[in-house]
Amino acid sequence: MTVISVEGLKKNFKNLEVIKGIDFDLPEQKVVALLGANGAGKTTVLKTISGLIKPTSGTIHFNDENDKDVRHWIGYLPQFPVFYNWMTGKEFLLYVGRLSGLTKHDAKQRTEELLSLVGMTEAKNRRIGKYSGGMKQRLGIAQALIHQPKLLILDEPVSALDPLGRREVIDLLKKLKNEMTVLFSTHILSDAEEVSDEILFLHDGVIVESGAMNELTAKYKQPKITLVFERNIEEYIEEIKSQTVFQSVEINSNEAVLLTDDMEGAKKVILQEASRNNWPLTKFEMSSTKLEEMFIKVVQGK
Amino acid sequence: MSQWLILLQKELLENVRNFKWIWVPLVFIILAIQQPITMYYMPQILESVGGLPEGAVFDFPVPSAEEVLATSLTQYNSLGVLIIVLITMGVIAAERKSGVAAMILVKPVSYTSFVTSKWFSVLLLVWASYFIGYLGAWYYTGVLFEFVSFSIFMQSFLMYGVWLTFVLTFTVFLNTFLKSSGLIAFISLGSIIIMSLISSILSNALSWSPALLGGYVTEFIMFAQMPDGAVISMVVSIAVIGIMLLLSVLLFRKNELAE
């Protein structure tokens, strides 16, 4: 069951094409990471889905029985949340709760629930103007949740936080998964890897890769051997470079990274050569490539 | 409706917390009542300041109560308008600039309510301040000179109130498509000055102009008679206020708020 389907979404700012036609569906009760480097167009995608900006072309379809204002079902946290600084945290939540159509009683109850969920109960009666950045971020998440949305959109929810705050937000996302779909943007792969079930990889306004986290990890997993030499690395690598078991060889000062599909064969070749020619080897490591290498490759333009 | 009231409540609370509900009425009171007071004490003031040649016989004509009341109202023509523009210039623009408008408008909030509640909150503040200020002027004029009939007071109050509403609605209207409060204040004041100038130069051809209401109201107080053109000018003003409000909502809806 999908929550929202996006088809052929394009967005131009003046003559600049920011989003160049993307399609994706978001499944129910999943955490989806929108991954991409700075300037890839992540914020534009999120703002378009939440209705803050209108797409140049394409459709965003929210799969819901009643055709009400989509804003009823979406909770949104901008990258830099701003509040009325003269209000207290509690007042702000009550205000947006009432605006979302909750009764006075429900808004009060929901406010208290959310304040304790994001760990802000103690600061609730202080003016928002006096809050720290992390507190504002947490209040921002609380306000996005006030009307129990089916889709929670978070723009860089952890990027501005210290390690502790980041931990808290990530744990919070894990908790929320049972109640709603979460779409969050980040430029940090490890954050995406940690909580998300699916990723959408946006680069230069186009989705270059997407899918379930575990599928992608498997897809980009390739056996890899790392060798470190004392000296004369070029000379020794030259001897084995032509072997067909190696798909690619990369030399970086006195370290060599060899990719292969046949780990056993590759290991044999290297160890034989090493003992026959008495290589000055200091390190031999077998591992596999990760998503991160794919991410870096794409961002650097291959 | 209930959402509109929640939005309005927030505006009112904000204006209480930033003390607008204290200083705006105060300024309106001071502006208006200083007129009867200084006019009453003018001979004494001149005497104490001195500078008159020795033996000069000073004969100051006592102004009529109507004259005094009318001049207190004209105080609002420049300073009153300036204050209205200053308190209205950022009513939407500032929230859009800071980004808080986006936080609110991703919630299921009606754009019409968002704009009209802000307009109404300024309207309330201005009319309340203007009423106490002008009532004070009427009272002091009565005590120090003579009481002008309350019906003249009320009619002139409503008549000139239309012009002040015109000014504030125009400023709100600019708010829906401009983002810089400074620019809004500049355009707003500039347009009002130009409008007033052109209207007074071509007062025959433009007798319906809202900018002439200030002149009409003076005439009305002095002669207790509706001057020609006053009614049509009020009708035009109210119609334009309605149109501006409608356009404000339409423009605001069309705008991309996040940008």
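In what follows, chains are A, B, ... by sequence order, proteins preceding strands, each numbered from 1.
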For [X], does the [atom1] atom sit with more than 12 other heavy atoms under 6.0 Å from it, leaving out its own atoms?
{"X": "B:F177", "atom1": "CZ", "value": "yes"}
{"X": "A:E7", "atom1": "CD", "value": "no"}
{"X": "A:K108", "atom1": "NZ", "value": "no"}
{"X": "A:K174", "atom1": "NZ", "value": "yes"}
{"X": "A:K124", "atom1": "NZ", "value": "yes"}

Locate the shortest heavy-atom distance separating [X] from [Y]; write the atom from each residue and the value.
{"X": "A:S100", "Y": "B:P108", "answer": "CA-CG, 4.0 Å"}
{"X": "A:V82", "Y": "B:S98", "answer": "CG2-O, 3.0 Å"}
{"X": "A:R71", "Y": "B:K107", "answer": "NH1-O, 3.2 Å"}

With rounding to the nearest 0.5 angstrom, report the [atom1] to [atom2] distance, [X] to [Y].
{"X": "B:I6", "Y": "A:K104", "atom1": "CD1", "atom2": "NZ", "result": "9.0 Å"}
{"X": "B:L7", "Y": "A:L99", "atom1": "CG", "atom2": "CG", "result": "5.0 Å"}
{"X": "A:W86", "Y": "B:K10", "atom1": "CH2", "atom2": "NZ", "result": "5.5 Å"}

Heavy atoms, side chains only, cut-off 4.5 Å: are A:Y84 and B:I104 in contact?
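Heavy-atom side-chain distance check passes, below 4.5 Å.
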
Checking heavy atoms, do the side chain of A:Q143, its backbone, both or neither come under 4.5 Å from chain B?
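Looking at A:Q143, backbone and side chain both touch chain B.
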
What part of A:P149 gets closer than 4.5 Å to chain B, counting heavy atoms only: side chain, backbone, both or neither?
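Contact with chain B involves no heavy atom of A:P149 at all.
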
If I measure from the heavy atoms of chain A, does B:E14 come under 4.5 Å with its side chain, its backbone, both, or neither?
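Both backbone and side chain of B:E14 come within 4.5 Å of chain A.
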
Under a 4.5 Å cutoff for heavy-atom pairs, which residue among B:V100, B:L13, B:N18 has the most contacts with chain A?
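Option with the top pair count is B:V100.
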
